[in-house]
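Read the structure below first, then the notes.
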Amino acid sequence: MATKKTSMFTLTERLTIDAANTPTFATIDLGSYVDVGDRQALQIHSVDFIFQGTGASSPIWAAFGGAGSCKIQVTDLNRGGLVFANDRALVASGTLDNDPDAFLQNTTDLYPDNFGKGSDDGRYVVNDQLYLTGLSTLIATNQAINITVRVNASIVTLGAKDFMAIAIQSTAADN
């Protein structure tokens with residue numbers, strides 16, 4: 001289906017949430033990696049989420065200030081907020097929960113794509129941006145939750161039929 005043009009590399013973006021119950025947005029520009037004319041796409045192998053407090057060494061539980069939940073999603077279309085897991089634009093999502101006893105629980109789900117372990121496994125993206133959406137139910141005064149998103153990917157060339165199928169699926173997902 002795809003011919004690799006590069007080895008795996010990592011794209012990184014940080015999202016800072018400083019207000020409770022307010023969606024926060026960021027993007028990862030893929031314009032240098034995706035080329036429609038050459039049927040060039042980005043193959044995403046994995047997505048990691050790193051949760052940190054206000055500063056790089058600040059404890060994350062202090063940023064919550066109590067019981068709270070922080071959610072992060074990566075999509076290949078701009079939905080303007082969090083989406084359900086059946087949305088075809090969803091690439092990856094994660095949640096960090098904090099209870100009043102400062103017990104943290106991190107959950108990362110891979111829906112709708114199970115990235116697999118082989119070098120040919122992954123999610124193909126032909127859009128020119130990835131969209132990050134974060135939301136926290138609680139943020140302590142003068143605190144912030146920083147989420148670093150690390151996307152491990154490679155550039156591939158797709159066959160004409162494969163590229164067209166992915167482009168149509170992505171466009172159809174926009175409706």
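Closest approach of Gly94 and Phe49 over heavy atoms only: N-CE1, 3.7 Å. The two residues Asn146 and Gly53 come nearest to each other via the heavy atoms ND2-O, 2.8 Å. Between Ile166 and Leu158, the shortest heavy-atom distance links the atoms CD1-CD1, 3.7 Å. When all heavy atoms of Ser69 and Asp97 are compared, the pair lying nearest together is OG-OD1, 2.7 Å. Considering every non-hydrogen atom in both Ala140 and Ala62, the closest pair reads CB-O, 3.6 Å. When all heavy atoms of Ala26 and Glu13 are compared, the closest pair comes out as CB-CG, 4.2 Å.
Annotation: the span from Ser57 atom OG to Gln52 atom CD amounts to 9.0 Å, rounded to 0.5 Å. Rounded to the nearest 0.5 angstrom, Asn152 CG and Thr12 OG1 are separated by 8.0 Å. Note that CZ of Arg123 is 9.0 Å distant from CG of Leu130, once rounded to the nearest 0.5 Å. Distance CD1/Ile145 to OG1/Thr16: 10.5 Å, rounded to 0.5 Å. Atom CG of Leu77 sits about 12.0 Å away from atom CZ of Arg88, to the nearest 0.5 Å. Distance check: Thr148 OG1 to Arg14 CZ gives 6.5 Å after rounding to the nearest 0.5 Å.
In this structure, Gln40 contributes its side chain and Tyr33 its backbone to a donor-acceptor pair below 3.5 Å. With hydrogens and angles ignored, the 3.5 Å screen pairs no side-chain donor or acceptor of Ser58 with any backbone N or O of Ala56. For the pair Asn127 (side chain) and Asp76 (backbone), a donor-acceptor distance under 3.5 Å is present. Between the side chain of Asn98 and the backbone N or O of Gly66, at least one donor-acceptor pair lies under 3.5 Å. Between the side chain of Thr24 and the backbone N or O of Ile17 there is no donor-acceptor pair closer than 3.5 Å.
Judged as a ring-ring contact (aromatic ring centres under 6.0 Å, His included), and not counting sequence neighbours, Phe25 has no contacts.
The stretch residues 129-169 participates, sequence neighbours left out, in no ring pair (Phe, Tyr, Trp, His ring centres under 6.0 Å) pair at all.
Cluster membership for Ile72 and Leu11, using ILVMFWY side-chain heavy atoms within less than 4.5 angstrom, is shared. Under the 4.5 Å side-chain heavy-atom criterion for Ile, Leu, Val, Met, Phe, Trp and Tyr, Ile28 and Phe51 are members of the same hydrophobic cluster. No single ILVMFWY cluster, assembled from side-chain heavy atoms under 4.5 Å apart, contains both Tyr124 and Met8. Clustering ILVMFWY residues whenever any of their side-chain heavy atoms sit less than 4.5 angstrom apart, transitively, puts Leu15 in the very cluster that holds Val47. With hydrophobic clusters built from ILVMFWY side chains whose heavy atoms lie under 4.5 angstrom apart, Val74 does not share a cluster with Ile50.
Within a 6.0 Å radius of CG in Asn21, other residues, nucleotides and ligands contribute more than 12 heavy atoms.
Residues Lys4 and Val156 have side chains in contact (heavy-atom distance under 4.5 Å, counting atoms from C-beta outward).
As a member of the Ile/Leu/Val/Met/Phe/Trp/Tyr network built from side-chain separations under 4.5 Å, Leu135 groups with Leu82.
No donor-acceptor contact under 3.5 angstrom links the side chains of Thr133 and Gln73, judged on distance only.
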